[in-house]
Amino acid sequence: MAAPVWTSAKHLHRFIRSLFPPKRSLSLGTCCTNKEPPGGGRVFSGIQPTGVPHLGNYLGVLENWVGLQDRYPSVLYSIVDLHSITQPQDPAKLRSNVLDMAASLLACGIDPERAILFQQSQVSEHAELSWILGCLTSMPRLRHLPQWKMKSKLKNEGSVGLYTYPVLQAADILLYRSTHVPVGEDQVQHLELAQDLARIFNNRYGDLFPEPAALLSSTRKVKSLRDPAAKMSKSDPQTMATISLDDSPDAIALKLRRAVTDFTSEVSFDPEARPGVSNLVTIHAAVAAISPEEAVSRARGMDTGAYKALVAEAVVLRLAPIREEIWRLRGDRAHLEAVLARGARRARELATPVLREVRRRVGFC
């Protein structure tokens, strides 16, 4: 009688773990080496098709993405249009935004020869794995994720897609047996869900998925130019709040000239006491590849008005080649579509055998 009792207890233990995953610190740069893809680690990350990215996207995410192409042998970057429809989208605008994002990523330095760049919806394995993982996820686990609380509260209620999109996010990562994921601090809990689901699946069906590790960016977040308490955002209703990568030099200078600061003329770096001026220092330091301390040193003797002009000059210089390349690539729609189509084929080559094995283990075939 001992064996049946042990088997039942084991299943009960797994069931309880699936409902209440153990609390732990997020894995940073470590993973189960026996589960890594052949040839070393694999990086996956995605970005929603919001059109041309803004300066905060570039400094906080895309610049890091470019560098990862040289550090890892396998890198995948996805334009995650399935995620984007958790909010209402105009179909024509969505199609345009996908191509604008592709042009922007290429202009920023994403190389389709060194990274797989693709449109998420063109690889149907994402949606199927999301359903399977969703069946391993408890509702309380999703309910406690911070972004659901925030977004559903803003809209009084949220769609089922908004509620379950962290599961799709986990599927995006696990489908390629990714070992590393570049994330911001606000996405850490969603990556923890991917780690939990990898462990739950492995416990139930046998080892298959690595538990992906976080690659946290060291870049300080760029804040809104009109409200330095909020991060720079594409959805900000104030047009002066956000610098787009395709903004003209005059537009950049105007936005920085109107940036909110304070009544102290001296330039200093104190994000708590002087968030507006400190945001300018953060931007200057990031685009000039210097420390905030060095940025403040270069501003010695300037008032904030003169410093805004200095920051504008640095931003224009940094973004000029990116802006020109975005406009060039926008004029070659066929090339952008070809890049995404090739990326989707390469992504499917990796995704198909993984999902085939998942289906076999689950019992579909």
Side-chain angles (χ1 to χ4, degrees), residues 47 50-66 100-101 103-105 107-109 184 186 217-327 330:
I47 188 168
T50 54
V52 175
H54 57 69
L55 181 63
N57 296 141
Y58 174 65
L59 297 176
V61 178
L62 302 182
E63 197 174 39
N64 184 40
W65 279 18
V66 172
D100 277 351
M101 181 58 75
S104 301
L105 294 177
C108 287
D186 57 345
S217 172
S218 60
T219 303
R220 185 180 292 271
K221 282 190 186 308
V222 174
K223 303 295 186 178
S224 163
L225 297 179
R226 301 302 300 163
D227 178 11
K231 67 180 182 179
M232 187 173 285
S233 172
K234 189 90 172 183
S235 60
D236 196 314
Q238 299 190 70
T239 57
M240 291 290 109
T242 302
I243 294 174
S244 178
L245 295 188
D246 63 345
D247 275 348
S248 69
D250 287 344
I252 292 171
L254 176 62
K255 290 177 180 181
L256 286 166
R257 193 159 58 244
R258 294 187 178 176
V260 170
T261 52
D262 52 38
F263 295 108
T264 303
S265 63
E266 183 183 2
V267 176
S268 62
F269 185 68
D270 186 345
E272 294 297 324
R274 306 188 68 197
V277 173
S278 297
N279 189 40
L280 294 178
V281 173
T282 294
I283 292 171
H284 183 200
V287 299
I290 58 178
S291 69
E293 293 75 20
E294 175 63 19
V296 170
S297 176
R298 294 186 185 184
R300 188 173 293 118
M302 294 183 180
D303 61 17
T304 52
Y307 185 58
K308 287 177 179 180
L310 177 65
V311 176
E313 182 181 342
V315 173
V316 168
L317 183 65
R318 181 66 175 272
L319 296 188
I322 296 174
R323 181 181 63 255
E324 291 169 6
E325 185 66 1
I326 288 173
W327 282 104
R330 272 174 156 173

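This is a predicted model, so every value here is computed, not measured.
Of all the heavy atoms in Ser104 and Val52, the pair that sits closest is OG-CA, 3.6 Å. Val281 and Pro292 get closest at one heavy-atom pair: CG1-O, 3.7 Å. When all heavy atoms are compared, the tightest approach of Val287 to Ala314 is CG2-CB, 3.8 Å. For the residue pair Ser224 and Ala241, the shortest heavy atom distance occurs at OG-CB, 3.4 Å. The two residues Leu59 and Ala286 make their nearest non-hydrogen contact at CD1-CB, 3.7 Å.
Within 6.0 Å of CD in Glu294 there are more than 12 heavy atoms belonging to other residues, nucleotides or ligands. Atom CD of Glu325 has more than 12 heavy atoms from other residues, nucleotides or ligands within 6.0 Å.
For the pair Tyr307/Thr261, no side-chain contact is recorded, criterion being any heavy-atom separation below 4.5 Å from C-beta on. The side-chain heavy atoms of Ile47 and Leu105, taken from C-beta on, include a pair separated by under 4.5 Å. Within the 4.5 Å cutoff, the side chain of Lys221 has no heavy atoms near those of the Thr282 side chain. Considering only heavy atoms from C-beta on, His54 stays 4.5 Å or farther from Val222 through its side chain. Residues Asn57 and Met101 are not in side-chain contact: their nearest non-hydrogen atoms beyond the backbone lie 4.5 Å or more apart. Counting heavy atoms from C-beta outward, Arg258 and Arg226 have side chains that approach closer than 4.5 Å. Leu225 is listed as a side-chain neighbour of Ile283, based on a closest heavy-atom distance under 4.5 Å. Looking only at side-chain heavy atoms (C-beta outward), Ser278 and Lys223 stay at 4.5 Å or farther from each other.
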Notebook entry, point to check: Yes or no on side chain to side chain contact (heavy atoms under 4.5 Å, CB included) for Cys108 and Leu245, after CA distance, side-chain angles and deciding distance?
Noted result: CA-CA 9 Å; Cys108 287; Leu245 295 188; 3.7 Å; yes
Next item on the list: Apply side-chain hydrogen bond (donor to acceptor under 3.5 Å, both in side chains) to Thr264 and Arg274, showing your working.
Entry: CA-CA 9 Å; Thr264 303; Arg274 306 188 68 197; 4.6 Å; no
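Listed for the Lys234 side chain is no donor-acceptor partner under 3.5 Å among the backbone atoms of Ser244. For the pair Asn279 (side chain) and Gly276 (backbone), a donor-acceptor distance under 3.5 Å is absent.
Taking OG1 from Thr304 and CZ from Phe263, the interatomic distance works out to 10.5 Å, rounded to the nearest 0.5 Å. Distance check: Asp227 CG to Ser233 OG gives 11.5 Å after rounding to the nearest 0.5 Å. Separating the NZ atom in Lys308 from the CG atom in Asp303 is a distance of 9.5 Å, to the nearest 0.5 Å. To the nearest 0.5 angstrom, Ile290 atom CD1 is 4.0 Å from Arg298 atom CZ. Taking CD1 from Ile243 and CE from Met232, the interatomic distance works out to 5.0 Å, rounded to the nearest 0.5 Å.
Here Lys255 pairs with Asp247 in a salt bridge; the nearest charged N to carboxylate O distance falls below 4.0 Å.
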